[in-house]
2 protein chains.
Amino acid sequence: MAAVNDQQDIKREKILEASHQRFLHYGYSKTTMNEIAGDLSMSKALLYYYFPDKSQLYIAVMRKLATDYLKTLENRLNTFTNLKEAFTFQVNTHHEFIVNNYNFFDFFRLNEQNLPETIWQIVSEVHSAELNLLSNAIKSEVEKGAIKPVENPDEVVDVLMDALHGIRVGAISQKKTNFPRKEHLEEIHHKKLLLLDIFIKGLMY
Amino acid sequence: MAAVNDQQDIKREKILEASHQRFLHYGYSKTTMNEIAGDLSMSKALLYYYFPDKSQLYIAVMRKLATDYLKTLENRLNTFTNLKEAFTFQVNTHHEFIVNNYNFFDFFRLNEQNLPETIWQIVSEVHSAELNLLSNAIKSEVEKGAIKPVENPDEVVDVLMDALHGIRVGAISQKKTNFPRKEHLEEIHHKKLLLLDIFIKGLMY
DNA sequence: TTTTGATAGTTTTGTTAAAAAAGTCAGGAA
DNA sequence: TTCCTGACTTTTTTAACAAAACTATCAAAA
């Protein structure tokens with residue numbers, strides 16, 4: 001029983017890996033089930049044995065990415081010695097995550113509207129975890145007396161995250177391109193850290 | 001001579017007004033030259049007598065909007081008694097401008113890429129004026145000794161403006177809709193002011 | 001100089017057929 | 001029973017092309 005399920009799980013995992021590569025390099029719409037099956041030397045029908053349809057497969061890959069990301073955050077939860085460390089960690093990790101999976105997310109950009117509910121669930125899960133990490137960092141700093149009391153930490157973190165997101169959007173929309181190029185990435189990162197710096201000072205005594 | 005040109009200018013103005021209304025309510029692509037001509041009870045050909053083509057007409061309207069906006073900013077340049085007043089003014093004015101002309105700008109959202117160079121000129125002109133206003137406010141505060149010296153005021157303001165923009169984008173992209181609804185507008189405005197508050201404190205001693 | 005009706009030229013929209021991809025299923029192998 | 005496939009059906013995308021809508025031009029009238 002367990003062995004059988006192990007086997008299944010291993011195959012599922014293999015499918016997810018192959019799908020991830022395809023989605024990452026070619027995006028959702030330019031990836032066909034035949035290609036994924038081909039990569040794994042299996043029949044397309046078998047994919048449908050393991051996953052109900054293409055969008056569910058995509059969501060499963062996303063779920064996996066999100067889980068890994070959440071694990072990274074959880075590992076460091078409440079391990080920071082000061083606010084700056086926490087915030088910087090969040091910025092760096094998030095940045096890396098987005099950059100590494102940029103093409104993967106074109107499903108979003110193209111569909112924009114009417115995405116499956118599950119996707120929004122995952123997005124909001126990730127968002128909550130990020131918010132939680134930063135919010136906790138603030139609370140613990142307040143307790144330590146390192147910064148002045150914050151009325152509503154969650155709201156403050158929410159604003160910060162929107163602001164950080166804006167840095168990326170702003171830097172991109174100025175240029176003719178929708179893709180952040182290598183040189184922009186440096187600029188974006190630098191701006192984010194500058195914002196962080198001022199923001200943190202704004203929370204101190 | 002002068003009278004003739006006055007007449008021309010008045011007609012141009014009328015055309016710009018009618019066009020503005022159409023573009024505002026229906027956007028660029030859903031507005032036809034026939035409709036604008038119809039609103040003014042003139043022939044479509046006459047529009048082409050006054051303006052070389054549709055996109056130039058749109059740009060002329062935009063130019064007018066931008067000029068008004070720039071005037072508003074210029075009027076208050078260097079009239080602020082403190083940073084918060086300056087920043088709040090900028091946020092409120094900008095917010096109002098965007099909200100009032102939201103539909104007008106769908107030309108941007110749809111074309112995104114490959115907009116005429118003139119448009120980018122206007123955008124960058126407005127951006128510079130905004131940046132200038134805030135940057136001056138910072139410099140004068142530094143001179144007064146009200147806040148600590150800022151290494152590169154322009155860069156700081158640039159980051160702030162991206163961040164503010166992010167608040168709007170973030171609040172919108174969470175929801176299913178691309179349009180900011182009435183209830184969002186309140187939320188966005190509130191968040192912007194909160195960000196401003198923290199940001200300003202971050203610049204103080 | 002200003003204005004227009006007629007019209008030329010271009011872009012968008014609608015239609016349809018072929019191609020490609022998604023998704024299903026009866027049945028074979030393990 | 002679980003895992004897997006080839007052949008099949010259904011749905012979606014693409015391509016080609018005609019019709020419609022719109023932009024833009026121009027000769028001529030006011």
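Letters go in sequence order (proteins before strands), and every chain restarts at 1.
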Problem - Residue pair B:H190 / A:E155, side-chain donor-acceptor N/O under 3.5 Å - result: yes

[atom1] of [X] versus [atom2] of [N]: gap in Å, rounded?
X	N	atom1	atom2	result
A:Y49	C:dG28	OH	P	18 Å
A:L46	C:dG23	CG	P	16 Å
B:I10	C:dT2	CD1	P	12 Å
A:M42	C:dA29	CE	P	19 Å
B:Y50	D:dA24	OH	C1'	18 Å
B:I15	C:dT2	CD1	C1'	12 Å
A:F51	C:dT24	CZ	P	15 Å
B:Y48	D:dC26	OH	P	13 Å

Practice task
Verify the ring-centre separation between B:Y26 and B:F104: is it less than 6.0 angstrom?
Solution key: no

Using the side-chain heavy atoms of [X], tell me which of these nucleotides is nearest: [options].
X	options	result
B:A45	C:dA21, D:dT23, C:dG5	C:dG5
B:K44	D:dT23, C:dT4, D:dT14	D:dT23
B:D53	D:dA24, D:dT14, D:dC3	D:dA24
B:K11	D:dC4, C:dT3, D:dT23	C:dT3

Handout entry: Test item: A:R12 side-chain N/O and A:Y50 main-chain N/O as donor-acceptor pair under 3.5 Å
Key = yes

Problem - Pair A:K201 + A:D197: basic N to acidic O under 4.0 Å - result: yes

Exercise for the section: Assign A:S43 to base, sugar-phosphate, or nothing according to its heavy-atom contacts below 4.0 angstrom with the strands shown. Expected result: base

Practice task
For B:T31, answer base if it contacts any base atom (sugar-phosphate contacts may also be present), sugar-phosphate if it contacts only those atoms, and nothing otherwise; contact means non-hydrogen atoms under 4.0 Å.
Solution key: sugar-phosphate

Problem - Option from A:F105, A:F51, A:Y28 for which ring-ring contact (aromatic ring centres under 6.0 Å, His included) with A:Y58 holds - result: A:Y28

Practice task
Examine the base of C:dA21 for any acceptor or donor lying under 3.5 Å from a partner atom in the side chain of A:K54, and report the outcome as yes or no.
Solution key: no

